[in-house]
Amino acid sequence: METPLAKTGKTPAFTLDSRQAWIRLVLALVIGSIGSVGMWSVVVVLPTVQGEFAATRGAASLAFTLAMLGFGLGGVVTGKLTDRFGIVAAIAAGIALIGLGYLGAGLSTSLWQFTAVHFLIGAGASATFGPLMAEASHWFERYRGLAVTIAASGNYVGGTIWPPLVNWGSSTIGWRATHILIGAFCVVSMTLVVLLLRAQMGGHAGTSHAAAPPPKIDLLPTNTLTALLSIASIACCVAMAMPQVHIVAYCGDLGYGAARGAEMLSLMLAFGIISRIGSGFLADRIGGIRTLLLGSVAQGAALLFYLFFDSLGSLYVISAMFGLFQGGIVPAYAIIVREAMPAREAATRVGIVIMASVLGMSFGGWISGVIFDATGSYAAAFVNGMAWNALNVAIMLMLLLRARRRGPRVAMA
């Protein structure tokens with residue numbers, strides 16, 4: 001049943017799970033798809049930048065690390081902006097940072113400059129992920145899990161579309177010009193879409209959490225649960241980073257070429273979209289904890305396959321499997337936050353957990369490059385990822401068992 005929210009001034013009452021809510025969600029998906037380029041462009045140009053600046057694989061990977069650090073810290077800041085001033089203000093700040101970051105990347109004359117500006121790129125992209133997931137959770141009740149995962153899917157829609165475009169641009173007009181054009185496109189297109197979102201939200205462009213759906217479960221004290229989810233998030237994302245950050249370079253090392261690696265990354269993220277939408281349906285039925293646990297176990301299995309198969313065909317298949325298995329993991333954290341924590345601080349708490357996830361991604365991307373430099377192959381890096389993944393599984397099992405001991409008060413459906 002649709003639940004009306006209270007009126008604000010002369011603006012008509014907003015209704016949860018309504019047509020207006022779905023329109024907002026579509027606009028959020030578009031914003032996330034464009035802004036997420038900050039997560040993926042550096043992965044595609046990593047081998048080219050490494051060669052131009054005569055750097056090691058580990059040194060070149062630091063640009064991704066800085067982008068992830070910016071993404072993590074930016075997620076907390078833009079989360080606070082969202083809780084206080086609304087999602088429109090947070091995205092506007094992100095647009096400015098993305099534009100500045102890509103302009104700086106295109107004009108950089110040394111590796112340290114290229115690496116440093118990726119902090120701005122990551123910080124700008126952060127506004128299009130965690131805050132959007134938290135905000136979408138306020139627009140829905142019956143379909144909250146599905147809405148959160150659709151909002152999060154912008155990250156993977158962008159990951160499917162952007163890598164081939166960045167690869168094509170880099171090979172035709174050069175990576176510098178490509179970065180400048182990306183920045184200009186993001187500023188113009190995202191500004192137009194966020195203005196449409198603002199018009200849809202009307203008087204609710206500011207935050208209004210009083211009538212948002214309340215928490216569904218009583219699991220742990222808020223700070224304790226945030227800390228545990230953050231540790232679990234770091235662990236799963238160290239594992240997740242190995243294929244996502246290094247698949248292009250891995251294919252180059254195997255002699256298949258960077259273009260094949262970019263195709264595998266796009267395939268991985270395309271199947272990740274399916275995984276994210278499916279995990280939303282699943283979370284609305286069995287809850288965020290069980291959904292996350294299933295995804296984490298499956299992700300570990302996919303990493304194991306990478307250890308034993310490296311033919312071109314098998315890598316395409318495994319990359320698709322990896323995307324299908326892990327795509328719903330990160331959005332599940334946002335679902336757990338909204339299942340167990342109050343709406344008034346949801347964006348900030350989601351931002352903290354997402355910051356932990358990108359710390360895991362940044363560390364995982366960097367340490368995989370370092371392991372490669374030390375061993376000459378990625379085999380040990382895959383094993384390292386599996387070990388971190390096991391830690392994530394253990395934490396989620398602990399939370400699930402605790403939830404069960406509390407009986408019907410914490411029913412996960």
Please report the shortest heavy-atom distance between Tyr306 and Ser319, naming the atom on each side.
OH-OG, 3.0 Å

For the side-chain contact (heavy atoms from CB on, under 4.5 Å) test, which of Val248, Thr178, Val166 pairs with Val45?
Val166

Taking the side chain as C-beta and beyond, is there a heavy-atom pair between Phe363 and Thr65 under 4.5 Å?
no

Assess whether side-chain contact (heavy atoms from CB on, under 4.5 Å) is satisfied between Glu263 and Tyr316, documenting all intermediate values.
CA-CA 8 Å; Glu263 290 172 359; Tyr316 275 108; 2.6 Å; yes

Do Val297 and Phe325 have side chains that get closer than 4.5 Å, going by heavy atoms?
no

Using the test side chain to side chain donor-acceptor pair (under 3.5 Å), find all partners of Trp22 that sit at least two apart in sequence or belong to another chain.
none

What do you reckon, is CZ of Phe305 surrounded by more than 12 foreign heavy atoms closer than 6.0 Å?
no

How long is the span from the CD1 atom in Ile318 to the CZ atom in Phe309, to the nearest 0.5 Å?
6.5 Å

May I ask you to test the Phe114-Val42 pair for a side-chain heavy-atom distance under 4.5 Å?
yes

State, yes or no, whether a side-chain contact exists between Met396 and Ser296 at a heavy-atom distance under 4.5 Å.
no

If I compare all heavy atoms of Val350 with all of Gly130, which pair ends up nearest, and what's the gap?
CG1-O, 3.8 Å

Where do Leu265 and Pro163 come nearest, in terms of heavy atoms and distance?
CD2-CG, 3.9 Å

Closest heavy-atom pair, Ala127 versus Gly94, reported as atoms and distance to 0.1 Å, is CB-CA, 4.2 Å

Does CZ in Phe281 sit with more than 12 non-hydrogen atoms of other residues, nucleotides or ligands closer than 6.0 Å?
no

Under the side-chain contact (heavy atoms from CB on, under 4.5 Å) rule, what do Leu228 and Met398 come out as? Steps first, then yes or no, please.
CA-CA 10 Å; Leu228 281 174; Met398 179 183 68; 3.8 Å; yes

Taking only residues two or more places apart in sequence, or in another chain, which ones meet Asp253 in a salt bridge (Lys or Arg N to Asp or Glu O under 4.0 Å)?
Arg57

His118-Phe64 aromatic ring centre distance below 6.0 Å:
no

Could you pull out every donor-acceptor pair under 3.5 Å between side chains of residues 230-241 and any protein atom, sequence neighbours left out?
unit_1 : atom_1 : unit_2 : atom_2 : d
Ser230 : OG     : Thr226 : O      : 2.8
Ser233 : OG     : Val353 : O      : 3.3
Ser233 : OG     : Ser357 : N      : 3.2

Within the 4.5 Å heavy-atom criterion, are Trp112 and Leu62 side-chain neighbours or not?
no

In this structure, CG of Leu225 is separated from CG of Leu399 (nearest 0.5 Å) by 6.5 Å

Less than 6.0 Å separating the ring centroids of Tyr250 and Tyr256?
no

Apply side-chain contact (heavy atoms from CB on, under 4.5 Å) to residues Thr128 and Thr78 and explain how you reach the verdict.
CA-CA 9 Å; Thr128 69; Thr78 55; over 6 Å; no

Phe322 side chain near Gln299 side chain, heavy-atom distance below 4.5 Å
yes

Of all residues at least two apart in sequence or in a different chain, which pass the side-chain contact (heavy atoms from CB on, under 4.5 Å) check with Gln200?
Gln20, Ile23, Arg24, Leu27

Under 30°, 30 to 60°, or over 60°: which ring-plane class applies to His179 and Trp175, parallel, tilted or perpendicular?
perpendicular

Is it the case that atom CZ in Phe372 sees more than 12 heavy atoms from other parts of the structure closer than 6.0 Å?
yes

Would you call Leu132 and Ile91 a side-chain contact if the rule is heavy atoms closer than 4.5 Å?
yes

Measuring from atom CG of Leu267 to atom CD1 of Ile247, what distance do you get when rounded to the nearest 0.5 angstrom?
10.0 Å

Going by the rule side chain to side chain donor-acceptor pair (under 3.5 Å), which residues pair with Thr222 if we only count those two or more places apart in sequence or in a different chain?
none

CG-CG distance between Leu120 and Leu66, expressed to the nearest 0.5 angstrom
9.5 Å

Closest heavy-atom pair and its distance - Arg176, Leu107:
NH1-C, 4.3 Å

Less than 4.5 Å apart, any side-chain heavy atom of Leu292 and any of Ile335?
no

Mind listing the side-chain donor-acceptor pairs of residues 183-197 below 3.5 Å, one per line with the distance, residues two or more places apart or on another chain?
unit_1 : atom_1 : unit_2 : atom_2 : d
Ser189 : OG     : Phe185 : O      : 2.7
Thr191 : OG1    : Val187 : O      : 2.5

Roughly how far, to the nearest 0.5 Å, is the CZ atom of Arg276 from the CD1 atom of Ile150?
12.5 Å

State the CD1-OG1 distance between Ile286 and Thr291, to the nearest 0.5 angstrom.
4.0 Å

Shortest non-hydrogen contact from Pro331 toward Thr149:
CB-CG2, 3.9 Å

Tell me, with the steps shown, if Ser33 and Ile161 meet side-chain contact (heavy atoms from CB on, under 4.5 Å).
CA-CA 9 Å; Ser33 300; Ile161 296 171; 5.8 Å; no

